[in-house]
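Please read the structure below before turning to the comments.
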Amino acid sequence: MGTDWLRDPVLEVLGIEHGFGVRGLAAPAGTLFPVQVHGRRVLDAASAAPATEGGADREADAILASGPGRRVGIVTADCVPILAAARDGGAVVAIHAGWRGLAAGVIEAGIEALRTRSPNGGEVAAVGPAARGCCYEVDAPVAEALAARYASLLPGVLVPGRPGHHRLDLSGLAARVLAGLGLSADRIGRTCMHCTICAPERFESHRRDGAAAGRLRHFVGTSGSTVVQG
Ligand SMILES: [Zn+2]
């Protein structure tokens, strides 16, 4: 593994293997990815088909793993990656949340699934690079979809811009959603919350590069010896 992965201290201090990707990094062998559809379904890696098979049973925007040595991941190009873990490393979840996923409640679904698997509490979550308010303009339907779910969380992360538009800080909103789920500030990692649109040399961005954009890969693993899947 190269040295360019972005790592967050909230996971690092617990020995949770993880990385937020920058351009050109491939996830470690054995990382299982869902087929992302901007919804709120959580896929359990233990019941997933191998990554090469595809298919509707792998359509999900959060992927949960438990048991020793499992790695799961998601890909992004402006949407928010969230990597969360039980403090003992026995269960992890990787969440992909763009504005559609946020409006659908994918972060809540992913954290709830992690809590079900590891009910003793104390989970930690790190928020990764995504489109932020410096660059990311959205129109009224997006603002309305987010307001329908998160009205009280939006001041400061959804800011009025030119007429009919707002600037949206996806990472900032994700961190607020995590706080709303009961994670205290010291259990929410914010050190990798870079803006993907600002930094073409480091990050892929769909907003900046359109269909030509590649994808950033992000992963998190349970503790214990690695089991290569798929
Ligand atoms: Zn920016």
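Every number for a ligand or one of its atoms is a count from 1 in the order of the listing.
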Shortest non-hydrogen pair, Ala91 vs Arg117, comes out as CB-CG, 3.9 Å
Pairwise distance NE2(His206) to OG1(Thr196) - rounded to 0.5 angstrom
12.0 Å
Distance criterion under 2.8 Å: protein N/O/S atoms around the Zn ion (ligand 1):
4
Would you mind listing every ring pair (Phe, Tyr, Trp, His ring centres under 6.0 Å) that reaches into residues 70-98, with sequence neighbours excluded?
His38-His96
Sub-3.5 Å donor-acceptor pair from the side chain of Arg187 to the main-chain atoms of Glu123, do we have one?
yes
Aromatic rings Trp5 and Phe219: how do their planes relate, parallel, tilted or perpendicular, breaks at 30° and 60°?
perpendicular
Of Leu25, Ile74, Val72, Leu6, which is the lone residue that meets side chain to side chain contact (heavy atoms under 4.5 Å, CB included) with His218?
Ile74
